[in-house]
Structure formats: C-alpha cells, structure tokens
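Everything below concerns the one structure shown next.
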Protein chains: 2
Amino acid sequence: MPELRVIPVEGIPEVHPDDVIAELVVAAATTQGTPLADGDCLVVTQKIVSKAEGRLVAIDPSDAAARRALVESESVRVLRRRGDLVISETRHGFVCANAGVDLSNVDEGSAALLPVEPDRSAKRVRDGVRAHAGVEVAVVVSDTFGRAWRHGLTDVAIGVSGLAAVVDLRGQPDDRGRELQVTEVAVADEVASAAELVMGKAAGVPVAIVRGLDPTWLREGSARELVRPSADDLFR
Amino acid sequence: MPELRVIPVEGIPEVHPDDVIAELVVAAATTQGTPLADGDCLVVTQKIVSKAEGRLVAIDPSDAAARRALVESESVRVLRRRGDLVISETRHGFVCANAGVDLSNVDEGSAALLPVEPDRSAKRVRDGVRAHAGVEVAVVVSDTFGRAWRHGLTDVAIGVSGLAAVVDLRGQPDDRGRELQVTEVAVADEVASAAELVMGKAAGVPVAIVRGLDPTWLREGSARELVRPSADDLFR
C-alpha cells in the first residue's frame, strides 16, 4: 500500500472575481517544484472558490441585524440559535454555523458566501487543470465546519469532482471473513481534513495536493453523497 | 511549509491481550523500511488497543437482547434509538453509535469495548516507543464514528498523547491582519482521518505514521479537549 503525501501549494496570489483557479494552482505547483500529476487530488478552500466566482457581498461587519439577515437569506432552515450563533441548513443540505457565510480573510466590509453549486466549482477546477496542464486530477472544495458533540472544527468537503465522496465497503469481508458492520467511509471529508493539516488557518495556503489516494476512489462523485437525508437523520 | 506524509504500517500481527503495541509497531515499521523518527505521530486503531488491553467480552452476536444490554452498560446516556441502532454517550463523553461496542474484526462470539482511558492507552504506546526505539513520537488512538447531518463515517481521535487535540488559533491575525472568527481546529481528529485514508477498513492495517506535523502541536494534549461540554452543546 503506497503512502499518502499531502503537499501545501504556496505562492497562490490573492484571488479576485473571474480569476481562473486552475491556472493559479498549476503555475504555483510547478514553481515550487511539485507539478500536478495524474491521480492527484487537489483540495481548494471554499474561500478562494467563492472569491473567484464573485460570491462576495457588501456588509457592515458591525451591523448585527444585517449579518443576521444575510445568514437567514442563505439558510433554508434554522436548527438552533444561541446569541449571535445560528446553526442552519443551506440550500445544498449542509448543516453549519451561519450558513457558511464567512467574514474572515475577505476585505473589510464584505462577506464570502458558499458557492452556488460546489460540485460544479470543483469540476471547473478539474477541467481547467486538464486544459492547462494536461493532467487528470480529482478536486475537493473544502470548508471548515463545527460538529455536534465534538469540540473543535474540521475541514470537510462541500464540492467534489473526480472522487467518490463516500466509499461503500459494505459486503467486503472483514479480516475474519465476516461482513463488516459499518463501512461507508466519507473519504472526501477525510481528504479535506488531511489537507487542512498543511494549510494553517492564518498561513494563507488555500490549496493542497493529496497524492497517493486509492485509484479505485477516483471516479465520478458528488458532495450530495455526504448530505444525510433529513428522513434518515436523527438530529435534524 | 513541509509536506505531510501518511505511511501505513503493514505486517502488524494479530494482537492478543497483554501484547505490547509499541514493540509490534517499532518492529513492523523498521521491517518495512520506515523506522519511526522523532516528531512522528502514530495513529493506532481502537480495535488493536482494546485487544491488547483485554477489552473483549463474550457475546452471542445473534442475541439482540444481549447486544442491547451490552451497549447500555457502556453508555451513560442514550440520545436516540432507531431499530437496532443506539446513539449514546460513553463514560468518556463521546457520542457515537452503540457506545463504541464493536463486533467486526474480532473473533466470532466476542465484542471489543472502548479502552477505559484512551489517553492513557495512547501514553502507553508513546512511552513504549521511547523505551524500545529511543524515539519521541505522539500517539493518537482512533475510532470510526458517524456524524449528525453528514452521511458516511470518519475516523476521529479518542485518545491522545504528545499532541494537542485542539489547536487554538484565536487571536492570530488572518491575512488581512484582523482577528479570525472561528479558529479552534480539532487537529487530532484530522490526523485520525488522514491516517484512515491509508488503512482501509478490510485491509488489516491498524497503524499509520503521520510525519511532518507542525512541531508546535507536539505538546501534552488530551482527547477530553474534543468533548464538547453538554452545557455548550446545542445537540445533546
């Protein structure tokens, strides 16, 4: 079994609306001596995707009512409130704080919203890498979410292209030859978390290369696989 | 920023009560040509820790009432039930399915319970590696948990030694020099997830080396940092 490498991509410049992320990543990865290769998985943070797609809105960060209205306009359902904190469900079906509206690492007076269709955002980067570098990669768009029950944030996948989001090992025998009990692994979330370990929240590294993933996982996938249907969710 | 390497440790034999995991890992890592080094983080699955610590109980897997009684005896609080599935809180404060009682990859007729004190289990491995190989590593004991809202399982940390479980970046400026909004990152959970990507549920690789973590994270930590206090938890 080969090892996995998680390589931060440094030197990505500030991203502006209509920038082509694939070009920026191909150039930066080549410059730092780790050019992209077939079978790599690129993890790209939501923030630069939202910036490239112009998902920025003007807001006075000191205006609590305006912040609240923005969060509600990005939510289809509010699950919990406590003080300024809102836990809500987005149009995509993700449950997270403040509907993913992000005021950090964007210009003062603006907020970044989640991409409209994060799978399509991931596919755009993937197609761009193919066009610019002739290389077939998978792409995960990641964001930083809290969890019920556990303290601390982890990065998860909100968009996927060229990677199965959930790998189903049901029916494969365990090491006793019996069926496994629980075996649907959210590999796209684990890939996002692995990438976060080399990004650093304040270090300005918005992209990482995950190299060495099981090639059988590199097939069409969607972050919709990661959304637990409400009817099947005991906590929604 | 250096890259991260996630290296599966193959060739660990079947683990029995009173086996010394540190010895098995040091030997297997050396044999495969990736000897442990200072600053490595070892991720060890709960299953082999529970086996080494004799946390196995006899149970007839077809006896639903006995399974239910066992899960309840390992729980301090049941949050939800649906059919055979119980979501409960363990003595450690972890919320998971079936209180972490595991019937897969153990001998027919027995179940593996969570370690009594997983931080201590991690410390035992860490101390053993120091004694057997003269190397200072961090250790994470990992288990596979489901999540609210998101489909698919991920590996998380249930025990930690020599690694901060949560790294608090609050107050460090973002790339605009302003304070970050949300910045407590559950790095121990992300390390466990990264390791899972090279383990494979049915492949019998119960240990991985994570090499290249930020050295400032390698300090005393506890998986208790990962337990969100009930009073602070909107979903318990």
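Source: prediction; values computed, not measured. Every chain is numbered from 1 and lettered A, B, ... according to where its sequence line falls, protein lines coming before strand lines.
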Side chain, backbone, both or neither: which part of Ile209(A) has an atom under 4.5 Å from a heavy atom of chain B?
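Ile209(A) has no heavy atom closer than 4.5 Å to chain B.
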query: Which bit of Val95(A) is near chain B, if near means a heavy-atom gap under 4.5 Å: side chain, backbone, both or neither?
result: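 For Val95(A), backbone and side chain are both near chain B.
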State the [atom1]-[atom2] distance between [X] and [Y], to the nearest 0.5 angstrom.
X         : Y         : atom1 : atom2 : result
His151(A) : Asp189(B) : NE2   : CG    : 11.0 Å
Glu3(A)   : Leu197(B) : CD    : CG    : 13.5 Å
Arg228(B) : Arg147(A) : CZ    : CZ    : 8.0 Å
Ile7(B)   : Arg5(A)   : CD1   : CZ    : 11.0 Å

What is the minimum heavy-atom distance between [X] and [Y], and which atoms define it?
X         : Y         : result
Glu190(A) : Asp155(B) : OE2-N, 2.9 Å
Leu234(A) : Arg80(B)  : O-NE, 2.6 Å
Thr154(B) : Ala186(A) : CG2-CB, 4.0 Å
Ala194(B) : Leu4(A)   : O-CD2, 4.3 Å

Under 4.5 Å heavy-atom distance to chain A, tell me which part of [X] shows up: side chain, backbone, both or neither.
X         : value
Val187(B) : both
Asp232(B) : both
Val191(B) : both

Can you tell which of [options] has the highest number of heavy-atom pairs within less than 4.5 Å of chain A?
options                                    : value
Gly152(B), Gly212(B), Ser193(B)            : Ser193(B)
Leu213(B), Asp214(B), Val156(B), Val210(B) : Val156(B)
Arg81(B), Arg82(B), Arg211(B)              : Arg82(B)
Gly146(B), Ala148(B), Cys96(B)             : Ala148(B)

Going by side chain to side chain contact (heavy atoms under 4.5 Å, CB included), Trp149(A) matches just one of Asp233(B), Val227(B), Leu226(B). Which one?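 In the set Asp233(B), Val227(B), Leu226(B), the residue that makes a side chain to side chain contact (heavy atoms under 4.5 Å, CB included) with Trp149(A) is Asp233(B).
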